[in-house]
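Comments concern the structure below.
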Number of protein chains: 2
Amino acid sequence: MKDCSRYDLETLPAGDCEEARAARIYAALGHGVRLRILRHLMQQDACCCKEIVSTVDLAQSTVSQHLKVLVQAGLVDYRPERQSSRYSVNAHALATIRTHLSGLEHFAAERNRSASHKCG
Amino acid sequence: MKDCSRYDLETLPAGDCEEARAARIYAALGHGVRLRILRHLMQQDACCCKEIVSTVDLAQSTVSQHLKVLVQAGLVDYRPERQSSRYSVNAHALATIRTHLSGLEHFAAERNRSASHKCG
DNA sequence: ATCGTATATCGCCGATTTACGATGAAAGAT
DNA sequence: ATCTTTCATCGTAAATCGGCGATATACGAT
């Protein structure tokens with residue numbers, strides 16, 4: 001349990017483990033290169049690091065790190081193969097974050113019930 | 001034109017201005033505190049900095065910076081009021097990013113047409 | 001056993017982020 | 001005119017990020 005405590009959880013008030021997880025996924029998506037990697041991964045079903053390196057014009061070590069970020073966020077699955085490795089998109093994580101986003105927007109819809117809020 | 005070039009665009013291949021914009025929004029969402037701020041903002045329609053400070057247990061200057069990040073990403077609208085200020089969620093940006101996310105997932109759906117890909 | 005390939009990891013760096021307190025500006029209150 | 005409140009900005013310290021080259025590991029081929 002509390003698996004996502006590995007990422008410190010900052011000073012989250014209580015049971016917002018899920019929120020921290022969402023933040024982590026958003027953060028992983030928050031880089032142009034990683035978005036491109038993700039998009040490429042989706043086209044290819046599963047592919048190795050080298051191919052991604054050829055797609056993105058960056059050093060192999062850099063790509064490897066980006067992949068690590070994606071894997072740790074749960075957006076990408078990793079399976080060490082013979083001598084290459086297989087990276088593939090985790091559609092579930094993507095669905096999770098879409099749900100989270102929808103939830104956020106739904107929040108706004110509910111807001112309409114309560115009127116404006118005084119402040120200051 | 002090329003308004004989002006203000007964020008360097010890294011080495012994006014061509015006309016992925018939109019992608020960079022999406023990345024920026026994701027990055028803004030990629031922090032637990034900002035997610036909480038955003039959620040609070042949605043409940044309140046619009047509110048001032050001070051109130052958010054009381055919600056999140058952080059220094060006022062820190063909160064102000066987080067709000068700035070959200071504003072620069074376009075997720076939050078800013079309107080200086082009398083002596084306080086009004087921050088409110090930009091629902092349009094939220095919809096934009098949801099569309100982007102859906103597009104990403106749609107990509108995966110299309111993938112089913114082409115078979116597996118050899119690599120290495 | 002040795003070489004070549006594909007990866008992950010390490011060490012390093014410059015840049016950015018995240019936090020804070022302090023300061024100053026603007027506006028309401030006394 | 002003088003507080004007080006609200007807020008943005010500046011300066012700073014610590015941490016993290018994003019990139020690289022170098023190195024270590026694993027494995028297939030020779």
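Residue numbering restarts at 1 for every chain, and letters A, B, ... go by the order of the sequence lines.
We find that CD of Q72(A) is positioned 13 Å from C1' of dT16(D), with the value rounded to whole Å. dC17(D) atom P lies 9 Å from atom CZ of R24(A), rounded to whole Å.
Heavy-atom distances to DNA chain D give each of T62(B) and V69(A) a nearest nucleotide, and the one nearer the 5′ end belongs to T62(B). Each of G30(A) and E81(A) was assigned the nucleotide of DNA chain D with the nearest heavy atom; the assignment lying further toward the 5' end belongs to G30(A).
OP1 or OP2 of dA8(D) sits under 4.0 Å from a side-chain N or O of Y78(B). Side-chain N/O atoms of Y87(A) include one lying less than 4.0 angstrom from OP1 or OP2 on dA8(C). For the OP1/OP2 pair of dG19(D) and a distance below 4.0 Å, the side-chain nitrogens and oxygens of H31(A) include at least one atom meeting the criterion. In this structure, S64(A) does not reach the dT7(C) phosphate: none of its side-chain N or O atoms is under 4.0 Å from OP1 or OP2. OP1 or OP2 of dG18(D) lies within a sub-4.0 Å distance of a side-chain N or O belonging to R34(A). Between dA19(C) and H66(B), a contact under 4.0 Å exists linking OP1 or OP2 to a side-chain N or O.
For C48(A), taking side-chain heavy atoms from C-beta onward, the closest of the listed nucleotides dA19(C), dG11(C), dT7(C) is dT7(C). Closest to the S85(B) side chain, of the nucleotides dA8(D), dG28(D), dA6(C), is dA8(D). Among dC7(D), dT7(C), dT9(D), the nucleotide with an atom closest to any side-chain atom of K68(B) is dT9(D).
Applying the side chain to side chain donor-acceptor pair (under 3.5 Å) test to R98(B) and every residue at least two apart in sequence or in another chain returns E105(A). Under the ring-ring contact (aromatic ring centres under 6.0 Å, His included) criterion, H100(A) pairs with Y26(A), not counting sequence neighbours.
Side-chain atoms of S64(B) never come within 3.5 Å of backbone atoms of Q60(B) as a donor-acceptor pair (strictly under, hydrogens ignored). Judged by distance alone, with hydrogens and angles left aside, the side-chain atoms of R36(B) form no donor-acceptor pair with the main-chain N or O of E19(A) at under 3.5 Å.
Donor-acceptor pairing under 3.5 Å, judged by distance alone, is present between the side chain of S61(B) and the base of dG21(C). In terms of polar N and O atoms assigned as donor or acceptor, the side chain of Q60(A) comes within less than 3.5 Å of the base of dA8(C) in a complementary pairing.
Placement of V69(B) and Y87(B) in two distinct hydrophobic clusters is found when ILVMFWY residues are connected by side-chain heavy-atom separations under 4.5 Å, directly or transitively.
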